[in-house]
J.: 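One structure, as structure tokens, below. Some questions next.
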Amino acid sequence: MLDFETNIATQAEHSRDRRRKVALFNAASWINPVRKLSLFGEAYPLSDWPVDELAIVAALIAVIGIAGLIAF
């Protein structure tokens, strides 16, 4: 039971930390784009992105680009 409670506490801490990072990113101004981009990297780490969906989108963009070059 203790392991289950520890897991819940860890998930809650991770969620709070994630919400804090996203809030910092949203509050940052685009006047300083370097800071905004660094906060983006912290708020939305690449390891959390859905790889399968990104691959599908990249393939579709590539197909559209190739079709555009052929039509041009």
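Positions are given from 1 along the sequence.
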J.: Remaining members of I70's ILVMFWY cluster at a side-chain heavy-atom cut-off under 4.5 Å?
T.: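 I66, all in the cluster of I70.
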J.: Minimum heavy-atom separation for L39 and L24, please, with both atom names.
T.: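 Looks like CD1-O, 3.7 Å.
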J.: Please go through V57's hydrophobic cluster and name the other residues, only I, L, V, M, F, W, Y counting, with side-chain heavy atoms under 4.5 Å joining them.
T.: I61
J.: Is F72 isolated, or which residues cluster with it under the ILVMFWY side-chain rule of less than 4.5 Å, directly or via members?
T.: none
J.: If you count heavy atoms of other groups shown closer than 6.0 angstrom to CD of E13, is the number above 12?
T.: no
J.: Does V22 share a hydrophobic cluster with W49, counting links as ILVMFWY side-chain heavy atoms below 4.5 Å and allowing steps through other members?
T.: yes
J.: Please collect all side chain to side chain donor-acceptor pair (under 3.5 Å) contacts where either partner lies in residues 25-42, sequence neighbours excluded, each pair once.
T.: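 Passing the test, one end in residues 25-42: no pairs.
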J.: State which residues pass side-chain contact (heavy atoms from CB on, under 4.5 Å) with D48; sequence neighbours excluded, sorted by chain then number.
T.: R18, P45
J.: Under a single-linkage rule joining Ile, Leu, Val, Met, Phe, Trp and Tyr whose side-chain heavy atoms are separated by less than 4.5 Å, which residues share a cluster with V63?
T.: none
J.: Under the side chain to side chain donor-acceptor pair (under 3.5 Å) test, which residues partner R20, sequence neighbours left out?
T.: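 For R20, the residues satisfying side chain to side chain donor-acceptor pair (under 3.5 Å) (neighbours in sequence not counted) are D17.
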J.: Per the ring-ring contact (aromatic ring centres under 6.0 Å, His included) rule, what does the pair list look like for residues 5-29, sequence neighbours excluded?
T.: F25-F40, F25-Y44
